[in-house]
Amino acid sequence: MAAADKVEEVREEVTRLAHTTHGAKELMQQMVKLLHDRMLKYNWVGFYMMEPGAQPPMLILGEFQGAMTPHTRIPLNQGICGAAASSGQTVVVDDVSKDPRYLACSLETKSEIVVPVFAHGEIVGELDIDSHFPAAFTAEHQSLVQYCAQLVGKKLENSGR
Ligand code: SME
């Protein structure tokens with residue numbers, strides 16, 4: 001199967017999940033499992049959510065699939081995760097060894113993507129994916145991961161949890 005077909009198929013599967021799950025937590029649980037199981041280069045898949053009312057603002061590890069990470073709380077001025085949350089922009093790093101912001105989760109990680117999740121126009125969290133392969137997150141993958149983050153944002157807006 002060509003990579004593009006796989007991305008398209010997984011896009012359809014996450015769309016189905018968005019319709020069949022009850023609430024954002026269940027959607028996030030099933031989405032990280034689906035992405036981790038189906039996309040062979042997505043070796044760690046997880047959500048970090050903004051801690052409500054935290055001062056200074058803090059990202060807290062949420063639903064994830066893959067090895068446990070030492071980074072369960074990330075301030076917005078640290079890591080690729082902090083960069084994505086503070087800028088509100090997708091961050092793609094093709095070679096984490098060359099990015100001084102990178103906080104290591106696994107020694108095997110070579111590339112990473114972090115996509116912010118917005119609900120009601122506010123950043124509420126982010127979807128973080130690590131790969132053991134360099135430059136794994138090409139344009140079609142960025143589009144898939146952004147789509148996943150949007151589905152979660154919409155579910156949070158509709159279900160509030
Ligand atoms: N690499 C991230 C930290 C989270 S772990 O990858 C799961 C970062 O640099 O923010």
Side-chain angles (χ1 to χ4, degrees), residues 3 6-7 10-11 13-14 17 21 24-119 122-153 155-156 161:
K6 176 88 169 275
V7 167
V10 170
R11 187 186 285 262
E13 287 173 36
V14 289
L17 275 189
T21 47
K25 187 177 162 70
E26 193 184 316
L27 174 59
M28 289 188 276
Q29 265 169 0
Q30 296 198 24
M31 187 181 278
V32 294
K33 185 163 172 20
L34 175 77
L35 293 175
H36 186 259
D37 289 353
R38 300 276 280 112
M39 304 305 275
L40 297 180
K41 293 188 178 179
Y42 293 13
N43 302 110
W44 189 95
V45 182
F47 284 92
Y48 282 92
M49 303 309 285
M50 295 290 291
E51 188 172 34
Q55 231 20 274
M58 193 68 73
L59 291 159
I60 309 291
L61 180 63
E63 302 301 330
F64 73 95
Q65 284 279 306
M68 185 56 194
T69 168
H71 304 292
T72 55
R73 297 171 62 83
I74 304 178
L76 293 212
N77 61 355
Q78 286 182 25
I80 313 291
C81 286
S86 54
S87 67
Q89 305 280 322
T90 294
V91 180
V92 176
V93 180
D94 286 341
D95 179 353
V96 294
S97 73
K98 295 210 171 80
D99 194 317
R101 299 169 299 182
Y102 175 65
L103 298 171
C105 163
S106 151
L107 291 176
E108 288 174 293
T109 298
K110 300 286 191 300
S111 60
E112 178 163 8
I113 184 171
V114 186
V115 177
V117 174
F118 289 92
E122 303 261 303
I123 176 152
V124 290
E126 58 191 28
L127 176 52
D128 176 15
I129 306 182
D130 291 356
S131 179
H132 296 171
F133 299 82
F137 303 103
T138 56
E140 61 176 350
H141 289 280
Q142 289 177 40
S143 159
L144 173 66
V145 181
Q146 285 170 339
Y147 177 65
C148 289
Q150 277 167 19
L151 289 178
V152 170
K155 196 80 166 178
L156 282 164
R161 66 202 150 92

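Treat the numbers as computed from the prediction; the structure is a model and nothing was measured. Start at 1 and go down the list; that is how both ligands and their atoms are numbered.
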Taking the minimum heavy-atom distance to atom 10 (O) of ligand 1, which of P70, C81, G66 ranks first? C81
Determine whether the side chain, the backbone, both or neither of D128 has a heavy atom under 4.0 Å from any heavy atom of ligand 1. side chain
Per-atom filter on ligand 1: closer than 4.0 angstrom to a heavy atom of G79 are 8 (C), 9 (O), 10 (O)
What protein heavy atom lies closest to atom 7 (C) of ligand 1? Include the residue and the distance to one decimal. C105 SG, 3.4 Å
Tell me whether the NZ or CZ atom of K41 lies within the 45° cone about the ring axis of F133 and under 6.0 Å from its centre. yes
With respect to A104, determine whether any N or O atom, backbone or side chain, lies less than 3.5 Å from an N or O atom of ligand 1. no
Note: heavy atom closest to atom 2 (C) of ligand 1, options E112, R101, Q78, belongs to E112
Has W44 got a side-chain atom pairing as donor or acceptor with A67's backbone, closer than 3.5 angstrom? yes
Would you please test Q146 and T90 for side chain to side chain donor-acceptor pair (under 3.5 Å) and show each step? CA-CA 8 Å; Q146 285 170 339; T90 294; 2.8 Å; yes
Where's the contact between L103 and ligand 1, heavy-atom distance under 4.0 Å: side chain, backbone, both or neither? both
Between H71 and Y48, is any side-chain donor less than 3.5 angstrom from a side-chain acceptor? no
Over 60° means perpendicular and under 30° means parallel, so classify the ring planes of F137 and Y42, tilted if in between. tilted
Picking from P57, P116, S86, what satisfies side chain to side chain contact (heavy atoms under 4.5 Å, CB included) with I123? P116
Proximal ligand 1 atoms for W44, defined as those under 4.0 Å from one of its heavy atoms: 7 (C)
Under 4.0 Å, heavy-atom basis, I'd like to know which part of I80 is in contact with ligand 1: side chain, backbone, both or neither. both
Taking non-hydrogen atoms only, is Y48 closer than 4.0 angstrom to ligand 1 via side chain, backbone, both or neither? side chain
Looking only at distances, can you tell me whether any N or O atom of Y102, backbone or side chain, sits closer than 3.5 Å to an N or O atom of ligand 1? no
Is D130 in polar range of ligand 1, meaning some N or O pair under 3.5 Å apart? yes
How about V152 and K155: do any of their side-chain heavy atoms sit closer than 4.5 Å? no
Does E51 come within less than 4.0 Å of R73, counting only side-chain N to carboxylate O? yes
